[in-house]
Amino acid sequence: MNKRTRFLILLAVLAICFVFLWPSVSWYWGTPKEVQALALGSLENIKDYSTAQGSQDVLAIKAAANENPASVIDGKYSWLEKAAAKRYKRQGEKVPSSMTIGAILSAYSNEQELVDEISGRYRDQILKAKKRYQNSVKLGLDLSGGMNIIVKADLDAALESQRASGVEVNIDTFKSEAMAQAIENLTSRIDRFGLTEPVIRQQGEDRIYIEMPGAAEADAISTIIMGKGILNFRLVDSAASDKFNQYYAANAASTFNALGDLIDPSIIPEDCEVMGQYTKDDYGLDERIGYLVVKKEIALDGQHIKSAEVGADNLTNRPEVDFVLDSEGAEIFGTFTGAHKGEFLAIVSDNKIKSYARINDAITGGRVAITGFGLEEAQNLQKVLQTAWLNVPLSVESQQVIGASLGEQAINQGIKAIAVGLLAIMVFMLIWYKGAGFNAVVAQVLNIYIVFSILSAFNLTLSLPSIAGMILTIGMAVDANVIIFERIKEELALEKSRQAALSAGFDNAFWAIMDSNITTFIAAIFLSQLGTGSIQGFAVTLAIGVISSVFTALFVSRLMFDFRTDVFKSGRISIGWGL
């Protein structure tokens with residue numbers, strides 16, 4: 001392979017590594033701290049923040065328009081000029097020659113459209129930052145601070161509770177469904193709490209592992225984990241809902257405050273409250289699709305539900321959700337539905353309306369069928385109803401809190417260890433091997449660059465053991481250069497020319513380097529597969545470092561030697577004292 005081809009390969013590798021590393025660089029050094037805090041929140045918090053900011057901005061724009069509609073819009077909203085021009089064109093109208101505040105507001109048929117436009121910009125900016133974080137190197141708990149918790153699910157107690165209610169269940173199926181539901185409930189609660197990208201997974205048969213980077217209060221987290229989802233049935237006030245939605249469409253920016261409470265409670269009856277109506281989006285997250293006004297009084301508590309499953313209507317074969325009530329619940333539900341024929345009943349879970357249906361007739365006997373949606377919607381509703389009857393007692397088995405200050409100290413110590421170790425090696429190589437030591441220094445810098453790039457490419461987590469693996473990689477990388485340089489010195493002692501000494505030195509050192517690195521790589525692979533936690537982090541970083549160090553020592557260093565030989569026509573090698 002000639003030098004030009006090798007040089008192009010090196011440039012391609014460096015360019016690809018830069019692409020992989022860029023999300024990490026832009027996240028940690030190019031994203032403001034306040035944007036990072038927002039991006040690390042839950043999707044629901046991001047949506048609420050964007051909507052609130054959009055509403056505030058609309059109020060500010062309207063206030064400026066009331067003062068002088070012919071004035072130019074504030075600079076921070078100047079992007080709205082292009083957005084308004086596009087709307088004029090889509091509507092087939094002529095774009096005003098002067099895009100004043102009044103002209104911008106005229107491009108939107110109602111206030112809600114403008115709120116959606118501005119909040120969408122906030123959302124896009126935050127989600128773009130969130131995507132950068134997801135594609136960057138993550139900091140583990142020992143670096144970023146946070147908490148890890150192991151929660152034990154008492155499946156035996158849940159099983160006994162089911163049997164006591166007179167329901168026969170398949171033990172294996174019940175336990176599997178109970179654990180899946182417990183994990184989904186925890187995920188929903190923690191995500192709503194706004195924590196940083198939590199990791200929640202099942203361990204063994206009855207344990208759940210939760211890892212939450214970032215600062216968090218232990219008492220608050222424990223309350224969320226131990227809390228139970230509140231599921232109940234509420235009567236929908238259709239007339240009040242229609243009136244509220246008309247009001248909201250005309251006053252979207254001034255209906256709710258930043259906490260989500262009504263600014264003017266008098267727009268709905270005193271015995272009612274407004275709740276968001278939610279459905280599952282493509283990511284399985286709750287997405288608000290509107291609002292309904294429901295009665296504060298609970299028609300039926302979810303604790304009366306004994307089981308829930310997805311079935312099919314006998315006539316239409318369309319999906320339906322069937323659930324069974326206990327005797328007390330059947331009596332309450334039969335009386336209530338008989339008194340409210342033709343009205344709508346909402347299913348509320350954690351203060352979110354997950355579904356609502358029309359009461360066609362009195363429902364007696366304790367068996368209820370809800371129809372009118374597709375299979376996926378039916379399955380989502382079944383999961384909601386399961387929160388009431390798959391009641392799995394949870395207990396915190398172990399909890400470890402790592403303060404953010406400790407994480408910052410660990411980061412500084414890790415960076416200092418890498419910097420001092422790298423600098424010491426560089427100084428030694430430059431002093432001992434003189435000109436050839438410069439090649440080793442460049443190879444070391446590129447080695448660290450490539451390792452970080454690969455960590456970023458695979459969205460791996462950087463922890464203290466990972467840093468230890470990186471430091472070990474630095475030592476192994478310089479060891480390869482030492483073997484090569486010493487072999488070259490032996491060839492020079494035989495009075496060979498520069499080209500012959502370099503060729504023989506690299507050829508003779510090749511298998512010695514490969515043997516040592518292959519054995520290390522095999523050990524790292526076994527550790528990464530068989531180990532867990534910190535051991536796995538150390539092994540993965542070491543495996544990446546082994547590959548990178550071999551490439552820089554045998555490929556990059558050789559290219560630099562050959563470049564001096566052929567381009568600078570150098571006939572001598574500066575590779576040590578006395579040569």
Side chain S50, main chain I46, donor-acceptor under 3.5 Å: yes
Suppose we screen for salt bridge (charged side-chain N to carboxylate O under 4.0 Å, His left out). Which residues come up paired with R123, at least two apart in sequence or across chains? none
Just say parallel, tilted or perpendicular for the rings of F428 and Y433, cut-offs at 30° and 60°. perpendicular
Separation between CD1 (I118) and CG (L80), nearest 0.5 Å, reads 5.0 Å
Which pair of non-hydrogen atoms, one from S78 and one from G75, has the smallest distance, and what is that distance? OG-O, 2.9 Å
After noting the C-alpha distance and the side-chain angles of Y209 and Q202, does the key distance pass the side-chain contact (heavy atoms from CB on, under 4.5 Å) rule? CA-CA 6 Å; Y209 175 80; Q202 183 173 341; over 6 Å; no
Would you give me the side-chain donor-acceptor pairs under 3.5 Å for residues 543-550, sequence neighbours excluded?
residue	atom	partner	partner atom	Å
S548	OG	N447	O	3.3
S548	OG	N447	OD1	2.5
S549	OG	G545	O	3.1
S549	OG	V546	O	2.9

Spatial distance of atom CZ (R6) from atom CZ (F563) [nearest 0.5 Å]: 12.0 Å
Do the side chains of F510 and I484 get nearer than 4.5 Å, heavy atoms only? no
So F538 and L472, do their side chains get closer than 4.5 Å, heavy atoms only? yes
Side-chain contact, heavy-atom cut-off 4.5 Å: I289 with Y278? no
Please report the shortest heavy-atom distance between A539 and L527, naming the atom on each side. CB-CB, 3.5 Å
For I488 and G505, which heavy atoms make the closest approach, and how far apart are they? CG1-CA, 3.9 Å
Show your reasoning for whether side-chain contact (heavy atoms from CB on, under 4.5 Å) applies to F551 and V13. CA-CA 11 Å; F551 173 77; V13 170; 4.1 Å; yes
Are any of the side-chain heavy atoms of D156 and K175 separated by less than 4.5 Å? yes
Show me the pairs that pass salt bridge (charged side-chain N to carboxylate O under 4.0 Å, His left out) and involve residues 550-560, at least two apart or across chains. R558-D562
Assess whether atom CZ of F7 is packed by more than 12 heavy atoms of other residues, nucleotides or ligands within 6.0 Å. no
L492 side, atom CG; L494 side, atom CG - distance, nearest 0.5 Å: 9.0 Å
Under a 4.5 Å cut-off applied to non-hydrogen side-chain atoms, are K128 and T31 in contact? no
Heavy atoms of M179 and A153 approach each other most closely as SD-CB, 3.7 Å
For E34, does the CD atom have more than 12 heavy-atom neighbours from other residues, nucleotides or ligands under 6.0 Å away? yes
Could you tell me which residues satisfy side chain to side chain donor-acceptor pair (under 3.5 Å) with N508, sequence neighbours excluded, listed by chain and number? E491
Sidechain-backbone polar pair: Q53 side chain, S119 backbone, donor-acceptor under 3.5 Å: no
Taking only residues two or more places apart in sequence, or in another chain, which ones meet E117 in a salt bridge (charged side-chain N to carboxylate O under 4.0 Å, His left out)? none
Run the salt bridge (charged side-chain N to carboxylate O under 4.0 Å, His left out) test against D124 and tell me which residues pass, sequence neighbours left out. none
Show which side-chain atoms of residues 473-483 pair as donor or acceptor with protein atoms under 3.5 Å away, not counting sequence neighbours.
residue	atom	partner	partner atom	Å
T473	OG1	G469	O	2.8
N481	ND2	A477	O	3.0

Between S453 and L21 the two heavy atoms that sit nearest each other are OG-CB, 3.7 Å
Please report the interatomic distance CD(Q203) to NZ(K152), rounded to the nearest 0.5 Å. 13.5 Å
Contact between Q444 and I425 at the side-chain level, heavy atoms closer than 4.5 Å - yes or no? yes
For K86, all residues meeting side chain to side chain contact (heavy atoms under 4.5 Å, CB included), sequence neighbours excluded: R90
Could you state the interatomic distance from CD1 (I9) to CZ (R4), rounded to the nearest 0.5 Å? 13.5 Å
I'd like to know if the side chain of K434 and the backbone of I575 have a donor-acceptor N/O pair within less than 3.5 Å. no
If you define the side chain from C-beta out and look only at heavy atoms, does anything of L455 sit under 4.5 Å from M470? yes
Using the side-chain hydrogen bond (donor to acceptor under 3.5 Å, both in side chains) rule, collect all pairs that involve residues 14-26, keeping only residues at least two apart or in two chains. S24-S456
Side-chain contact, heavy-atom cut-off 4.5 Å: E397 with R207? yes
Just jot down the side chain to side chain contact (heavy atoms under 4.5 Å, CB included) partners of V442, sequence neighbours excluded, or say none. F438, L446, M560
Which pairs with one or both residues in residues 446-472 pass ring pair (Phe, Tyr, Trp, His ring centres under 6.0 Å), sequence neighbours excluded? none
I'd like to know if the side chain of S503 and the backbone of A500 have a donor-acceptor N/O pair within less than 3.5 Å. no
If you take all heavy atoms of A504 and K496, which pair is closest and at what distance? CB-NZ, 4.1 Å
Applying side-chain contact (heavy atoms from CB on, under 4.5 Å) to Y49 and I126, what does each step give before you reach the verdict? CA-CA 10 Å; Y49 170 82; I126 299 172; 3.6 Å; yes
Those residues at least two apart in sequence (or on a different chain) that pass salt bridge (charged side-chain N to carboxylate O under 4.0 Å, His left out) with K131 are none
Atom CD1 in I208, atom CD1 in I200: separation rounded to 0.5 Å? 8.5 Å
Any donor-acceptor pair under 3.5 Å from R498 side chain to F561 backbone: yes
